Amino acid sequence: MSRKTLNIGLYGFGCVGFGLYEVLQKTPGLKANIKNICVKDKNKPREIGSENFTFDKNDILNDDEINVVVELIDDADAAFEIVSEALKRGKAVVSANKKMIAEHFTELLELQEKHNVPLLYEAAACASIPIIRNLEEYYDNDLLESIEGIVNGSTNYILTKTFAENLSYDDALKQAQDLGFAESNPILDTGGFDAKYKLQILLAHSFGYIAKPADLFNIGIDNIGPLELKYAKEKGLKIKLIAQAFKGSKGELSAFVIPKFVSSEERLFNVDDVFNGVLTKTSFADTQFFVGRGAGAHPTASAVLSDISALSYDYRYEY
Ligand code: HSE
């Protein structure tokens, strides 16, 4: 299969942006080069030379040679401006911004359709687990009944460290931040919002249902109290933040994020630290289990890389 040459304009050079830069250096088979990198902070020391950077977002948007925009910034509103403008200008887009996607799902779908360009975002849900691609490609005939999992790496890390290693909540959160797992505003992780955004993405690709953030409820790990911890310890259970979506007997959909007790017989029991785990249940295959690192520079960059590679042969989601 012949592959397109990709000229990338990259927005953001934080943990994942730099991770992508490193990963691309080690993937010589792919005809993809980063032509320009747009960053916000002029004074921040960078790992590579200043000639690679711009501070004006239009330098990438106006560059006709750039055919792929990779958006890896933190701010969901600024990300939406960049992504929507890039799609309008006919540039394919890769994004890891689950908040931006969850908040603007319908508009993004319309833009893709209107301008006939793909937007891929495998890294936005469960980082290194290729869950969107599997949902898109595999389950056409064997219909999904439910999808359930641990989809936030930071909270799983915090729960593992506080529960098994008796670290304090604040220390565990600090570690998750230092390791580059947590969002800049960690309430998005601990309050279950990040997990809800990911669940919205999974809902779209598993059941074709586009939900708004307000449609689904989320209870975070900051609601777990000493009584729940004591109960779990006494009974040999763990507490995990679970995102869940399933069809009822009349085909009605339910979806929510809540902390749950998990017993040692359940597959998610051994999904610890920064790992994510997703269980699918279908009519014919019964259950399947996907596991992998749910956050961190290289695991997340690996999913961005797979989207870049997919764009080289014009892959797009069908929804
Ligand atoms: N803060 C997110 C998490 C990053 O901990 O899962 C990866 O999406």
Side-chain angles (χ1 to χ4, degrees), residues 12-20 23 70-76 79 94-103 105 120-133 147-162 167 169-205 213 218-222 224 239-244 257-259 268 271-278 290-307:
F13 206 62
C15 175
V16 180
F18 182 57
L20 176 67
V23 162
V70 177
E71 179 279 303
L72 300 174
I73 66 173
D74 207 34
D75 177 335
V94 176
S95 171
N97 201 317
K98 48 265 154 136
K99 186 169 192 280
M100 187 269 299
I101 295 160
E103 286 177 345
F105 230 132
L120 303 182
Y121 41 80
E122 186 65 69
C126 306
S128 73
I129 306 177
I131 190 66
I132 301 176
R133 204 75 64 79
I147 180 159
E148 169 187 21
I150 297 167
V151 301
N152 180 271
S154 302
T155 47
N156 206 33
Y157 185 86
I158 294 167
L159 289 171
T160 305
K161 296 291 165 188
T162 50
L167 215 62
Y169 181 91
D170 289 345
D171 286 348
L173 172 59
K174 171 88 176 43
Q175 283 188 6
Q177 288 174 312
D178 291 347
L179 290 163
F181 302 155
E183 301 300 302
S184 334
N185 176 1
I187 290 167
L188 292 176
D189 295 300
T190 58
F193 298 96
D194 179 84
K196 177 165 73 175
Y197 303 143
K198 290 168 178 165
L199 182 59
Q200 283 179 250
I201 293 173
L202 298 180
L203 267 176
H205 292 279
N218 53 296
I219 298 177
I221 65 164
D222 33 20
I224 302 170
I239 303 176
K240 300 284 184 192
L241 185 67
I242 305 290
Q244 204 169 348
V257 175
I258 45 167
L268 295 174
V271 177
D272 284 331
D273 290 298
V274 73
F275 282 83
N276 284 183
V278 179
F290 301 83
V291 67
R293 287 182 186 274
H298 283 177
T300 310
S302 81
V304 176
L305 180 75
S306 91
D307 280 348

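One-based numbering, in listed order, for ligands and for the atoms of each. Keep in mind that what you see is a predicted model, and the values were worked out from it rather than measured.
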Which ligand 1 atoms, with their elements, are less than 4.0 angstrom from a heavy-atom of [X]?
X      : value
Lys98  : 2 (C), 4 (C), 7 (C), 8 (O)
Gly294 : 6 (O), 7 (C)
Lys198 : 2 (C), 3 (C), 6 (O), 7 (C), 8 (O)
Asn152 : 2 (C), 3 (C), 5 (O), 6 (O)
Asp189 : 1 (N), 2 (C), 3 (C), 5 (O)

Identified side chain to side chain contact (heavy atoms under 4.5 Å, CB included) counterpart of Leu72 within the set Val94, Leu20, Asn97
Leu20
Based purely on interatomic distance, does [X] place a nitrogen or oxygen under 3.5 Å from a nitrogen or oxygen of ligand 1?
X      : answer
Ala123 : no
Glu183 : yes
Gly153 : yes

Are the side chain of Asn156 and the backbone of Val271 linked by a donor-acceptor contact shorter than 3.5 Å?
yes
Would a distance-only check, ignoring hydrogens and angles, find a side-chain to backbone donor-acceptor pair under 3.5 Å from Lys98 to Tyr197?
no
Look at atom 5 (O) of ligand 1 and say which protein heavy atom is nearest, naming residue and atom and giving the distance to 0.1 Å.
Ser154 OG, 2.6 Å
Could you go through Leu202 and Gln200, starting from their C-alpha distance and side-chain angles, then the distance that decides it, and tell me whether this counts as side chain to side chain contact (heavy atoms under 4.5 Å, CB included)?
CA-CA 5 Å; Leu202 298 180; Gln200 283 179 250; over 6 Å; no
Salt bridge or not between [X] and [Y]? Use side-chain N to carboxylate O under 4.0 Å.
X      : Y      : result
Asp74  : Lys99  : no
Asp194 : Lys198 : yes
Asp171 : Lys161 : no

